[in-house]
Number of protein chains: 2
Amino acid sequence: MTRRATLRDVAELAGVSIKTISRVVNGTGPVAETTEHRVRAAIDELGFRPNPAARSLRVGHDDAVGLVIENIADPFMATLTAGIESRIRAAGKLVIITSGGYEPENERAAIESLAHRRVAGMIVTPTSMSHSYLAQGVATVPLVFVDRPPIQFDTDTVLSDNEGGARLAAEHLIAHGHERIAFVGDRIGLFTTSLRYQGFRAALTAAGLPVLAHHVRTDVVDPDSAAAATREMLAGDDPPTAIISANARSSLGVIRGLHEEPSSMVAHVSFDDFEGAESLSPPVTVVHQDPIAMGRTAADLMLERLDDPSGPPRHIVLPTRLIVRGSGELPPCDPS
Amino acid sequence: MTRRATLRDVAELAGVSIKTISRVVNGTGPVAETTEHRVRAAIDELGFRPNPAARSLRVGHDDAVGLVIENIADPFMATLTAGIESRIRAAGKLVIITSGGYEPENERAAIESLAHRRVAGMIVTPTSMSHSYLAQGVATVPLVFVDRPPIQFDTDTVLSDNEGGARLAAEHLIAHGHERIAFVGDRIGLFTTSLRYQGFRAALTAAGLPVLAHHVRTDVVDPDSAAAATREMLAGDDPPTAIISANARSSLGVIRGLHEEPSSMVAHVSFDDFEGAESLSPPVTVVHQDPIAMGRTAADLMLERLDDPSGPPRHIVLPTRLIVRGSGELPPCDPS
DNA sequence: TTGTATGCGTTATCAG
DNA sequence: CTGATAACGCATACAA
């Protein structure tokens, strides 16, 4: 493999002009049957593949798809990425990932960097609630939002059913006789926390149960603070008999908190599944989102959008489902 | 933002030739102080950034770095990726990820795809033991191997101390009085399993303990089979009093197996840390690898190599450390 | 210290 | 149905 074959090489070997090769490769314009055969043979013989840089320069955009996420090390995001990547790759394109690292400024820079590379489109999980820069045309290509709603403008979106999933969790606990159910989650300003809290609230209200302020914590940013919140609630007056944790990180903390007080058998449902949930004792009942499906769906939306940029934005909400494992089926057990 | 500014636009605004702009941007060749000021002002005003496609076409290679991994959804790989991405991004370059999905054929295709894009270099976790195609010049750019040793040719490599870590784990259990220690891991054909087994074996031998065939399982590919292996060992004659699991997935299965038999307090050390290890009861003692550091190191090697392609291949082995949490400090407890 | 001209490999225009 | 040629934006040999 001394030098890479170019259109010209193929043209020479096939005895036609480079434009004809281009036509065969891209399926543009009519080509005679016999010519096409000759050209294909030449392409195979030389192992020709078009140079993406040259094409990008000429047509003004790359055929890679950019992915902007907060943190690839987050298991949910990593799995989402796997779904996206497999679909995009199956379409013969590449994924270029960039992390914003929870910093809106970084995120903006990442998007600009991708825009500058003229990616064909971007799949984005915006960090901040205010991504006005996106509306200002920082990205001039198709945009698909995942796990975050579009705020200031409308575009293709894939979400999972945050509210419905949380309602499911609460209804499950209520069905098992619980009347004092706590909610432990990340900052309420986050889109997902907010919707999950609404679902929780709706289920309690529908069952005629009060939503008690001291049973709601939405300021928990890591496992440690979730564990602390759990301890405080259990130690306080009127402790809950069941806890819903609103995301995987919080769940780990809640579990730690519960394990420290093994005498009180408090029921627990986690929003979002996590590795090892079934290895715990009791195994953790969870509301399962399907990050792989979310990723695939987002990628499909993108591919369709690239194919046909017109048409109204589509908003897809993927269902969640309850996976019963044990921790969510514990009966209410009054420690008082 | 109607059209993207080009060198020519900047040149016109600054009243100099495009070559001068190029010199300022790339720091090549001498430029007069005052000229440079004027040029920089023009660049800022127009928001000019060089077009990567054009540059790539001209110089023959892109400045993005390719990353080839098996599966981005694997937590270890995801964290490794985070480390790589942050470093590469800090250097102003992008990471293009592709997954081989455990299929050597896919992996080869992924690498060819990257090679075709003329990435500046590739960071690779080769799936198969035989990656002869890499030696055959599929990749004509700098290569850095991570978490896998170079087999058929020599190149920059970052590994963690698999053997030392496993020895650490075994020595720890031995120090706590264990004499019947089992090893549960993935296929022995895998590089990491093999080295970890060697470390385990070395520690036992050094302590004058026998390595019993029925205490060694190296055919465990998922948590389910690890759980089954654990059950079988505990139920068999001469059950072990401690288990070392050789990777995170196996650990989850071993834990499940142990939880099913809560009467037997078997000690356990996991090679590789995992999310939730400290939320379990007992919390799991682990040999911690540092995937973030591995990623950063690999990225650094790559950046240095891009800067200076000459020089001998470097092989870096990162230390592992034991994190004591409880499960590894249980005393031997004879169930017979 | 600065400018001019050429070509990287592809696609698009327009003529044959 | 096919081909000659320009242009995309940049870097570089070469000239000034």
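Computation of the quantities below employed the complete heavy-atom set of this structure, encompassing side-chain atoms and omitting hydrogens, waters and symmetry-equivalent molecules. Naming: A, B, ... by sequence-line order, numbering from 1 per chain.
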- request: Look at all strands and tell whether B/R58 reaches a base, only sugar-phosphate, or nothing, counting heavy atoms closer than 4.0 Å.
  value: base
query: Is the shortest side-chain N/O distance from B/N26 to OP1 or OP2 of D/dA11 below 4.0 Å?
result: yes
- request: Measure from CZ on B/F48 to C1' on D/dA11 and round the result to the nearest Å.
  value: 12 Å
- prompt: What is the distance, rounded to the nearest whole Å, between atom CG of A/D62 and atom C1' of D/dC8?
  reply: 14 Å
message: Please classify the nucleic acid contact of A/T35 as base, sugar-phosphate, or nothing, using heavy-atom distances under 4.0 Å.
response: sugar-phosphate
- request: Using a cut-off of strictly less than 4.0 Å, decide whether B/T20 has a side-chain nitrogen or oxygen near OP1 or OP2 of C/dG3.
  value: yes
field: Whole-Å gap separating P (C/dT10) and CZ (A/R49)
entry: 12 Å
- prompt: Considering only side-chain heavy atoms of A/A54, which listed nucleotide, D/dG3, C/dT11, C/dG9, is closest?
  reply: C/dG9
A/S113: which of B/R49, B/R89, B/K93 passes side chain to side chain contact (heavy atoms under 4.5 Å, CB included): B/R49
query: Can you find a side-chain donor-acceptor pair between B/D154 and B/H315 that sits under 3.5 Å?
result: yes
statement: By nearest-nucleotide position on DNA chain D, the 5'-leaning member of B/A53 and A/G15 is A/G15
- request: Rounded to the nearest angstrom, tell me the gap between atom CG in A/D9 and atom P in C/dG9.
  value: 8 Å
- prompt: A/R8 near the nucleic acid: base, sugar-phosphate alone, or nothing, with a heavy-atom cut-off under 4.0 Å?
  reply: sugar-phosphate
task: Grab the CG-C1' distance between B/L7 and D/dA11 for me, whole Å please.
output: 9 Å
field: For atom CD1 of A/I21 and atom P of C/dG9, their distance in whole Å
entry: 15 Å
message: Measure CG/B/L57 against P/D/dC8 and give the value in whole Å, please.
response: 14 Å
statement: Checking C/dT10, C/dT4, D/dC10 against the side chain of B/S17 (C-beta onward), the nearest is C/dT4
- request: Ignoring hydrogens and angles, state whether a donor on the side chain of B/D308 or B/S310 is under 3.5 Å from an acceptor on the partner side chain.
  value: yes
- request: Applying side chain to side chain contact (heavy atoms under 4.5 Å, CB included), run through A/S56 and A/H61 and close with a yes or a no.
  value: CA-CA 5 Å; A/S56 170; A/H61 63 86; 5.9 Å; no
- request: Rounded off to whole Å, could you give me the CD1-to-C1' distance for the B/I18 and C/dT6 pair?
  value: 11 Å
- line: Checking D/dA4, D/dT2, C/dG9 against the side chain of A/K19 (C-beta onward), the nearest is D/dA4
message: Just so I know, are the side chains of B/I316 and B/L318 near enough to count as touching, which here means a heavy-atom distance under 4.5 Å?
response: yes
